[in-house]
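See below for the structure under consideration.
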Amino acid sequence: MLLPRWWELGDPCAWTGQGRGTRRMSPATTGTFLLTGEISNDPITFNTNLMGYPDRPGWLRYIQRTPYSDGVLYGSPTAENVGKPTIIEITAYNRRTFETARHNLIINIMSAEDFPLPYQAEFFIKNMNVEEMLASEVLGDFLGAVKNVWQPERLNAINITSALDRGGRVPLPINDMKEGVYVMVGADVPFSSCLREVENPQNQLRCSQEMEPVITCDKKFRTQFYIDWCKISLVDKTKQVSTYQEVIRGEGILPDGGEYKPPSDSLKSRDYYTDFLITLAVPSAVALVLFLILAYIMCCRREGVEKRNMQTPDIQLVHHSAIQKSTKELRDMSKNREIAWPLSTLPVFHPVTGEIIPPLHTDSYDSTNMPLMQTQQNLPHQTQIPQQQTTGKWYP
């Protein structure tokens, strides 16, 4: 089908094409498709999936930051996918005009045995995002810098992975921080002395102390790429011993073990009476003994309590009589006490006649029965207060 004028399918990594929508690649290389729109003002989103499946293959990844940015489809196939054509359905959505277009991308995966790359080095670039590294000019500059250091005859990018896919953290949106990207390159010659400097004990010690190692060829990358040399990985596949063992597959039929023989019906009977007695009778006997001991303590050893209950009435009578006797003695003592009377009870002169007035009460007066306020009674020698008459003149 023809693509609409508002988007196109590009191949910035120069994959080999065979007809429209067909690309050829090998497991030893990383392929990239750039999904972009010709009109940059239109927000366009893409959806990619393997034909007949809801998602893409495990080795193929897709990233698009915003609807206004380009979508990048990239990945490195494995040896299991060699010889199998991979058909990717790409659906584009124009968010402004609501147009939809679909295109099928056919990827033919070739074998990489004719171009072996046994020496592989993986770099971690801190100042790049994965979509920035996948651009043809940026990846070409990086491969050129590695080639100047390594000096191989053949050099290819094997795998490109975002740091987020390796468990990295999302960077803070300050100071234009990047996610970081891992780039694995392969060559046909051994590693150079500059790359081997990372394996020195001094540099390993500095990496363990979270210090920057001293690499002589770092200045060839520093102008554009900030490489974390402590995370570089060097793999020499020529020294790796193959542990692959050929699996001999059988016919899938289990060996004949004869006919199935179920257990016999005449099973020996077993007597469970002894087990029943041990399980039930012994705990019951122990519980009965404990119950009898408790009943003896609660019911049969109460003589002291009964004696105390019998003596309780006599003790109460003695206590009551003692209280009455003490109360009577206190009352007699209060009548016969000889203390100074208050000034208000001492003899005073009558304000009119001038006669001496005796105390309000004698010594034999029972003060315990005297009311606090004497009302409605006239004590002897009490001065009468004249009252105002309602009519006529007032006379003393």
Side-chain angles (χ1 to χ4, degrees), residues 10-17 23-35 56-63 70-79 81-82 86 105 107-166 168 178-192 194-195 198 217-218 220-221 223-229 231-237:
D11 50 343
C13 284
W15 286 8
T16 304
R23 298 295 186 273
R24 180 182 297 174
M25 62 181 302
S26 64
T29 58
T30 296
T32 304
F33 281 118
L34 181 63
L35 310 180
R56 298 176 299 275
W59 58 270
L60 194 60
R61 295 173 181 173
Y62 170 74
I63 185 173
D70 297 334
V72 182
L73 188 66
Y74 67 100
S76 299
T78 60
N81 306 112
V82 174
T86 302
L105 174 65
I107 303 175
N108 294 321
I109 302 174
M110 305 180 303
S111 176
E113 295 179 357
D114 299 335
F115 307 99
L117 301 174
Y119 303 97
Q120 300 176 2
E122 187 177 52
F123 299 86
F124 177 65
I125 305 173
K126 297 185 290 186
N127 64 328
M128 288 285 177
N129 289 334
V130 61
E131 68 274 10
E132 299 174 350
M133 193 65 197
L134 288 171
S136 58
E137 61 276 5
V138 178
L139 184 59
D141 294 341
F142 178 75
L143 293 178
V146 175
K147 191 172 184 179
N148 293 334
V149 174
W150 202 338
Q151 298 296 330
E153 295 181 2
R154 294 185 63 254
L155 182 69
N156 288 333
I158 297 178
N159 190 17
I160 300 177
T161 309
S162 174
L164 300 183
D165 298 332
R166 297 285 189 90
K178 304 294 183 179
E179 297 174 356
V181 58
Y182 288 89
V183 180
M184 177 177 286
V185 297
D188 54 351
V189 297
F191 303 108
S192 63
C194 175
L195 298 179
V198 183
C217 58
D218 181 57
K220 296 183 179 180
F221 298 91
T223 56
Q224 188 176 359
F225 307 99
Y226 291 92
I227 299 177
D228 189 350
W229 293 99
K231 293 184 179 181
I232 189 173
S233 175
L234 303 178
V235 179
D236 187 358
K237 290 190 174 182

Might you point out which heavy atoms bring [X] and [Y] nearest each other, and give the distance in Å?
X: Met128; Y: Met133; result: CG-SD, 4.4 Å
X: Val149; Y: Cys217; result: CG1-SG, 3.8 Å
X: Leu234; Y: Leu195; result: CD1-O, 3.5 Å

Tell me every residue that passes side-chain contact (heavy atoms from CB on, under 4.5 Å) with Ala163, counting only those two or more places apart in sequence or in another chain.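 Partners of Ala163 under the side-chain contact (heavy atoms from CB on, under 4.5 Å) test: Phe124, Tyr182.
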
Sequence neighbours left out, what passes side-chain contact (heavy atoms from CB on, under 4.5 Å) with Asn81? Give chain and number order. Trp59, Pro77, Thr78, Ile109

Student check: side-chain heavy atoms of [X] and [Y] closer than 4.5 Å:
X: Ile232; Y: Ile227; value: no
X: Leu73; Y: Leu105; value: yes
X: Ile63; Y: Tyr74; value: yes

Contacts of type side chain to side chain donor-acceptor pair (under 3.5 Å), residue Glu132, not counting sequence neighbours: Lys178

Among residues at least two apart in sequence or on other chains, which ones pass side chain to side chain donor-acceptor pair (under 3.5 Å) with Thr161? Asn159

Consider side-chain contact (heavy atoms from CB on, under 4.5 Å). Of Leu139, Ile160, Leu143, Ile158, which one does Val185 pass it with? Leu143

Using the side chain to side chain donor-acceptor pair (under 3.5 Å) rule, collect all pairs that involve residues 118-131, keeping only residues at least two apart or in two chains. Arg65-Glu131, Glu122-Arg166

According to side chain to side chain donor-acceptor pair (under 3.5 Å), does anything in residues 138-153 pair up with another residue at least two apart or in another chain? List the pairs.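 The answer is none; no pair qualifies.
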
Applying salt bridge (charged side-chain N to carboxylate O under 4.0 Å, His left out), name anything that partners Arg61, two or more places apart in sequence or on another chain. Asp165

Test of understanding: with salt bridge (charged side-chain N to carboxylate O under 4.0 Å, His left out), list the residues that count as partners of Lys220, not counting sequence neighbours.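 Salt bridge (charged side-chain N to carboxylate O under 4.0 Å, His left out) list for Lys220, sorted by chain: empty.
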
To the nearest 0.5 Å, what is the distance between CG (Asn108) and OG1 (Thr86)?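 Reported value, rounded in 0.5 Å steps: 8.0 Å.
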
Hey, can you tell me if Trp229 and Phe123 have their rings parallel, tilted or perpendicular (30° and 60° cut-offs)? perpendicular

